[in-house]
Amino acid sequence: MHDTVRLEELGMNVWPALHQQLCNGWVIRLSNGYTKRANSASPLYHTDAPLEAQIARCEQFYSAQHLPTVIKLTSTHAPAGLDQLLEQRGYHVLDLSSLMTCDLRHASFEQAEPSALRLDLKIEDWLACYERLNQISSAHRSAHRAILDNILGQRTFCAWEQEGAVVGCGLLVREGEWVCLSDVAVEPQLRGQGIGTRMLATIMQLGREQGATYAFLQVIANNAPAQHIYSRFGFREAYRYWYRVAPFKQT
């Protein structure tokens with residue numbers, strides 16, 4: 001079993017916040033409000049500081065940024081009583097997710113199609129592709145771009161081409177023996193045709209060729225189709241995590 005703290009550290013490294021502070025073992029992250037991962041506090045390291053005091057510090061920090069306080073908890077590493085305390089304070093649960101890992105040494109990538117994978121897109125083009133495939137606004141593109149620029153690991157911006165058109169994308173980040181797969185998307189009208197499976201096989205094979213031994217990814221817990229695909233490649237849940245979000249009443 002892989003260590004939760006190490007996996008959380010990897011997750012922060014492959015999706016780095018634009019600003020980050022350490023506060024008695026809690027990592028407080030801020031990125032102009034773009035994504036909860038980069039705008040939340042994580043109780044990562046052991047501390048004897050009272051939970052009420054830690055929460056108050058987080059609320060003060062995010063209030064000064066005119067953002068709701070968001071605290072990330074994991075099923076294997078959250079301080080005892082923190083989830084219940086946050087619930088009592090009116091924090092609601094959001095985005096129950098699964099962190100899954102895979103041993104690439106034993107994974108099979110028979111469905112890989114390297115010829116369909118493009119690795120020559122510029123970041124701007126890849127971002128535009130990601131937004132189009134996910135049908136999201138470009139309003140946060142500058143923050144997204146800044147996060148990508150801050151990744152210190154080996155980045156590979158992947159695009160999947162079919163009949164001369166880009167119909168899928170993904171991001172692979174390697175740090176040592178680990179690779180993280182994220183931002184996977186397929187053209188909405190082409191989903192369910194096996195493109196995601198072939199693209200995943202090809203990208204994961206690329207990660208192994210880059211020298212990685214293990215892979216991890218994060219997926220919403222109720223996304224059964226995605227979890228089914230990942231499990232076929234040997235991904236297994238290491239732990240679950242979720243966010244507690246405060247009512248935005250800070251001034």
Is it true that the side chains of [X] and [Y] contain a donor and an acceptor less than 3.5 Å apart?
X: Gln111; Y: Thr202; result: no
X: Thr74; Y: Thr4; result: no
X: Gln218; Y: Arg37; result: yes

Salt bridge present between [X] and [Y] (N-O < 4.0 angstrom):
X: Arg6; Y: Glu175; answer: yes
X: Glu124; Y: Arg141; answer: no
X: Arg89; Y: Glu59; answer: yes

Donor-acceptor check, side chain of [X] to backbone of [Y], threshold 3.5 angstrom: yes or no?
X: Gln54; Y: Cys23; answer: yes
X: Asn134; Y: Ile136; answer: no
X: Trp160; Y: Ala116; answer: no
X: Asn32; Y: Tyr34; answer: no
X: Ser42; Y: Leu44; answer: no
X: Asn223; Y: Val219; answer: no
X: Arg145; Y: Ile147; answer: no
X: Arg174; Y: Cys180; answer: no
X: Arg155; Y: Leu148; answer: yes
X: Arg236; Y: Ser231; answer: yes

Hey, quick one: are [X] and [Y] part of the same hydrophobic cluster, counting side-chain heavy atoms closer than 4.5 Å, chains of contacts allowed?
X: Tyr239; Y: Tyr45; value: no
X: Phe109; Y: Leu119; value: yes
X: Leu181; Y: Leu99; value: no
X: Val14; Y: Leu18; value: yes
X: Ile229; Y: Leu172; value: yes

Practice item. Pick out which of Glu237, Gln227, Arg240 makes a side-chain hydrogen bond (donor to acceptor under 3.5 Å, both in side chains) with Ser98. Key: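 Exactly one option meets the side-chain hydrogen bond (donor to acceptor under 3.5 Å, both in side chains) with Ser98, and it is Glu237.
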Practice item. Start with the C-alpha distance between Leu127 and Asp125, add both sets of side-chain angles, then the distance that settles side chain to side chain contact (heavy atoms under 4.5 Å, CB included), and finish with yes or no. Key: CA-CA 5 Å; Leu127 276 170; Asp125 296 331; over 6 Å; no
**Study point:** Whether Tyr243 and Tyr241 hold their rings parallel, tilted or perpendicular, with breakpoints at 30° and 60°
**Key:**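 Rings of Tyr243 and Tyr241: perpendicular, as their planes differ by over 60°.
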Check your understanding: Going by the angle between their ring planes, with limits at 30° and 60°, are Trp178 and Phe216 parallel, tilted or perpendicular?
Key ->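 Ring orientation, 0 to 90° scale: perpendicular.
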Would you check if [X] and [Y] make a side-chain contact, meaning some heavy-atom pair closer than 4.5 Å?
X: Val245; Y: Ile71; value: no
X: Asn13; Y: Leu152; value: no
X: His77; Y: His46; value: no
X: Tyr230; Y: Leu200; value: yes

Review point. Could you go step by step and tell me if Gln60 and Thr69 meet the side chain to side chain donor-acceptor pair (under 3.5 Å) rule?
Key: CA-CA 9 Å; Gln60 182 179 20; Thr69 303; over 6 Å; no
Practice item. Give the intermediate values and the outcome of side chain to side chain contact (heavy atoms under 4.5 Å, CB included) for residues Ile220 and Leu96. Key: CA-CA 6 Å; Ile220 296 295; Leu96 176 64; over 6 Å; no
Point to revise | Verdict with supporting geometry, Trp126 and Asp183, side chain to side chain donor-acceptor pair (under 3.5 Å) | key: CA-CA 11 Å; Trp126 183 90; Asp183 289 350; over 6 Å; no
Practice item. Could you grab the distance from atom CD of Glu52 to atom CG of Leu85, nearest 0.5 Å is fine? Key: 5.0 Å
Exercise for review: Dump the intermediate steps for side chain to side chain contact (heavy atoms under 4.5 Å, CB included) on Val186 and Leu133, then the final yes or no.
Suggested key: CA-CA 6 Å; Val186 175; Leu133 295 175; over 6 Å; no
Check your understanding: Can you check side chain to side chain contact (heavy atoms under 4.5 Å, CB included) on Thr101 and Tyr214, steps first, answer last?
Key -> CA-CA 7 Å; Thr101 64; Tyr214 304 103; over 6 Å; no
Exercise for review: Would you check if the distance from the ring center of His144 to the ring center of Trp15 is below 6.0 Å?
Suggested key: yes
